[in-house]
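First comes the structure, then the notes that go with it.
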Amino acid sequence: MEIIDYIIVIIYLVFILVFGFFLQRKASAGIESYFLGNRNLPWWVLGASGMASNTDLAGTMILTALVYALGTKGFFIEIRGGIVLYLGCLMTFIGKWNRRAQVMTVAEWMQLRFGTDREGNIARIISAVANIIFAIASISYFAVGGGKFLGDFFGIDDGIAGVLLILLALIYTAVSGFYGVVLTDIFQGILIFVAILYICFIAFQTVNLPETFSISIPGTEQLQQWNLAEWSSITPPITIDLPGDYSIFNLFGGVMLFYTFKVFLEGAAGGGGYVAQRYFAAKSDREAGLLSLFWIFLLSFRWPMVTAFAVLGIDYGLKNQVISDPELVLPTVIAEYIPVGIKGLLIACFIAAAMSTFDSIINSSAAYWVKDIYQAYLQPEASNQKLLTQGRLASIVIVGLGLIFSFNITNINDIWGWLTLGLGTGLFIPLVLRWYWWRFNGYGFAIGTGAGLVAAILTKGVILPVVNNSQIQEYILFLVPSICSFLGCILGTFLTPATNLETINNFYRVTRPFGFWGVVRKNLPTNIQAKIQAENRRDVVAVLIAVPWQLVLFLMGIMLMMKQWDNFGILLLIFILLSIGLYFTWFKYLDKI
C-alpha cells in the first residue's frame, strides 16, 4: 500500500470513532434506546444494518475461498450458514412472531413463554449465558478472519491486526449503543456497496475464464483441475472427488441434505443475537417483513462480489502462479488488481464489513448481561446510568474473552464450521421446540440448552481430535450436540410439571405460532381460530417458496459474474415464477397483518 491508501483508511477510522461519540447522547437516554433504538427506527434502516452485519470480513474470505476452489459447489456448501437461508423464514413468519413478543432479548422472551416463576427464570438465565458464550466464540472467529486480512496489508502480526480492529469497533459501539450500530452500519453498508460495484466491474472487464484451469486445495500440495462447465454447474452433484481439507464434502448430496436440514432447523428456531435484535426493534409486523425483504435483496449483492474475487484469483493463477491458500485469494486480488488510492478505499470498505459485524455482536450480547442478569436478578432497582455503565463494561469483558480465545485459532473455516454446525445446532434444538410444542417447558429448555452447549464444547475439544476421518468429523460435530440437546429437552420436559396454562394461553394469543397448540387453540372463539389458522397456512406455503426464491436470487449473481448466460436465463425464469408465488402467498397480505 502507498501513503494515500493509508491516509484513506485512517480518515475512515477517525470518522467512525467521531460519529460514535456524536451519538453518545442519543444512546444514553436509557437501555431501550441503547439496545433497541427506542423501537423507532425505519424498516429500511434495520434491513440495511442487517445486511452490513452479515457481510463480515472473515465470512467473505471463506466464501471467496470456496467459490474460487469449488465454483457453485462452494456456494451450495454455504447453505450451512453463509447463504443465511433462515432469512426466508424470518421474512415470512418467524420475524413477526419475534416482534409481537415486545421484548429486548431472546432470554427475556423466555419469561413470556415459560412464566416469571422459577421455571421461566432458569430458562432466561441459561439462554442469556448461552448467547454470551456464542458471542464470545463469534468474536474469536471474526478476529482471526479480520487479522488474517489486514495483517498482509499493514505488515503486522495477524493477531495484533485482529485485536486492533475489534478494539476500534468496541470503542464506538460501547459509546453509542444500538443507534451507533445501525447508523454506522448504514454508512459502512454504502462503502461495502461501492466495493461490490467496483470489484465486479473490474472482474467483468478483465476475466474470461478458459475451458480448463487449476486451483489450490487447502491441506494438499496437489492442484485441482476444473472444467469450466463443471465448475459453474447449477446442479449439485451426488459425489465429488476432492483431496485435502475439502474431502469432507466428497459425499456432496448427503452433505447438502444435511446442511438443508440444519438451515430449516435454524430458521424455525427464530434466530438470536443481533438477528433477533432487529426484529425486536421493528415497529410492526409489516415492517418486520419489509426489513427482511430488503435485507435479503441487499445481501444478494455479496455473491457477485465473492465470485468476482474468485475469478480474479483464477486469472491471477493463470498469469502468474496459483494462489497457495484459497483463504488468501481476497487480499491477493486486492494487492494485485486494485490501483493506488482505490486500494485504500477498498480496504476501508472491508474494514467497514468487519466492524459492522463486530458492533452488532458486541451490542446484542451486552444486552443479555444488562437486561437478563444484572437488572433482572442482581440490581432490579438500578438507575439508567448504572445500566448503561454495565452495558459498556459487559461489552469490554465479552470482547476481551473473545480476543483471548482467538489466539488459539489458525483456520477460519474450521471455527466457522464449529460455530454453524456444532455450537449453533446444539443451541437451536430447544429454540425450535419453544415455538411449536405447547408441552415444552422452561426446565426442558434449560437442560436441553445446557446439554447442547456442553456437548458442542466437548465434541470440539475431546472427540474430534481422536477421529481421523474428516468426513465423519463433520457429522459428529452436528449429531452429538443436537442429539444431546434433544434428549435434554425431552427428559427435562417430561420429568417436570407443564408450564402454567394461563402463561401458555397468553403466549399463544400474543405470538400466534403454528404447530402443536391444540390444547390452547380450542379455548379461543371459532372466528379467532379460523383467522390464526388461515395466517398459519399462508405462512407455511410462503416459506416453502421464499427459501428457494432466496437461493435462486443469490445464484443469479454468481452466474452473471461467471458469464454463464444459459444458466442465468434458467435461473431468471425460475426467479420470476417464484416471485409471483411469493407475492400471492405473502406480500399481498402484509397490509392486512
Side-chain angles (χ1 to χ4, degrees), residues 77-86 89-90 94 106 110 113 123 126-127 129-138 141 248-249 251 253-273 275-276 413-437 439-467 469-495 515-516 547:
I77 285 168
E78 274 308 313
I79 286 175
R80 67 182 178 177
I83 302 177
V84 287
L85 278 179
Y86 61 80
C89 300
L90 285 160
I94 213 159
V106 172
M110 297 302 158
R113 174 63 175 84
I126 194 71
S127 175
V129 171
N131 274 280
I132 290 171
I133 291 173
F134 191 86
I136 291 170
S138 299
Y141 156 70
I248 61 174
F249 305 123
L251 297 175
V255 170
M256 290 305 97
L257 289 175
F258 173 55
Y259 287 159
T260 302
F261 171 72
K262 178 260 177 187
V263 162
F264 274 100
L265 193 68
E266 188 177 10
V275 174
N413 186 59
D414 185 44
I415 187 64
W416 177 238
W418 181 66
L419 279 172
T420 56
L421 291 177
L423 185 58
T425 304
L427 300 180
F428 286 147
I429 298 293
L431 289 174
V432 170
L433 293 176
R434 64 184 175 136
W435 287 110
Y436 307 99
W437 183 27
R439 179 61 178 83
F440 187 53
N441 64 14
Y443 299 112
F445 178 88
I447 295 172
T449 300
L453 186 63
V454 172
I457 294 171
L458 291 179
T459 301
K460 178 66 175 174
V462 179
I463 299 176
L464 292 189
V466 300
V467 178
N469 190 311
S470 58
Q471 291 181 3
I472 295 176
Q473 283 183 343
E474 189 92 348
Y475 294 104
I476 288 175
L477 191 60
F478 174 85
L479 290 173
V480 172
S482 58
I483 291 172
C484 290
S485 179
F486 180 73
L487 291 176
C489 289
I490 299 301
L491 290 173
T493 296
F494 284 117
L495 293 176
F516 300 98
V547 171

Compare all side-chain heavy atoms of Pro481 with those of Thr459 and state whether any distance is below 4.5 angstrom.
yes
Approximate separation, where rounding is to 0.5 Å, of Asn441 CG and Phe494 CZ
9.5 Å
Across all chains, not counting sequence neighbours, the side chain to side chain contact (heavy atoms under 4.5 Å, CB included) partners of Cys489 are Ile429, Pro430, Leu433, Phe440, Ser485
For Met256 and Ile79 the tightest heavy-atom approach is SD-CD1, 4.2 Å
Spacing of CH2 belonging to Trp437 relative to CD1 belonging to Ile490, to within rounding of 0.5 Å
4.0 Å
Do Tyr259 and Val255 pass the side-chain contact (heavy atoms from CB on, under 4.5 Å) test, and can you show the C-alpha distance, the side-chain angles, and the key distance before you say yes or no?
CA-CA 6 Å; Tyr259 287 159; Val255 170; 3.2 Å; yes
Please report the interatomic distance CD1(Ile457) to CG(Leu453), rounded to the nearest 0.5 Å.
4.5 Å
Less than 4.5 Å apart, any side-chain heavy atom of Phe445 and any of Leu431?
yes
Of the non-hydrogen atoms in Cys484 and Ala451, which two are nearest, and what is the gap between them?
O-CB, 3.5 Å
Sorted by chain and number, sequence neighbours left out, ring-ring contact (aromatic ring centres under 6.0 Å, His included) with Phe516 holds for none
Using modelled atom types only, decide if a donor and an acceptor are shared between the side chain of Arg434 and the backbone of Ala269 within a distance under 3.5 Å.
yes
Check the pair Val547, Phe264 against side-chain contact (heavy atoms from CB on, under 4.5 Å), reporting the backbone distance first and the verdict last.
CA-CA 9 Å; Val547 171; Phe264 274 100; 4.2 Å; yes
Evaluate the side-chain proximity of Phe134 to Ile132: yes if any heavy-atom separation is below 4.5 Å, no if none is.
no
Closest heavy-atom contact between Gly488 and Ile447?
O-CG2, 3.5 Å
Let me confirm one number: the CG-CD1 distance from Asn131 to Ile126, rounded to the nearest 0.5 Å.
10.5 Å
To the closest 0.5 Å, what do you measure between CG (Leu85) and CG (Leu90)?
11.5 Å
How long is the gap from CD1 on Ile77 to CD1 on Ile248, to the nearest 0.5 Å?
7.5 Å
What's the shortest heavy-atom distance between Leu479 and Ser482, and which atoms?
O-OG, 3.1 Å
A side-chain contact here means heavy atoms from C-beta on lying under 4.5 Å apart; do Val263 and Ile83 qualify?
no
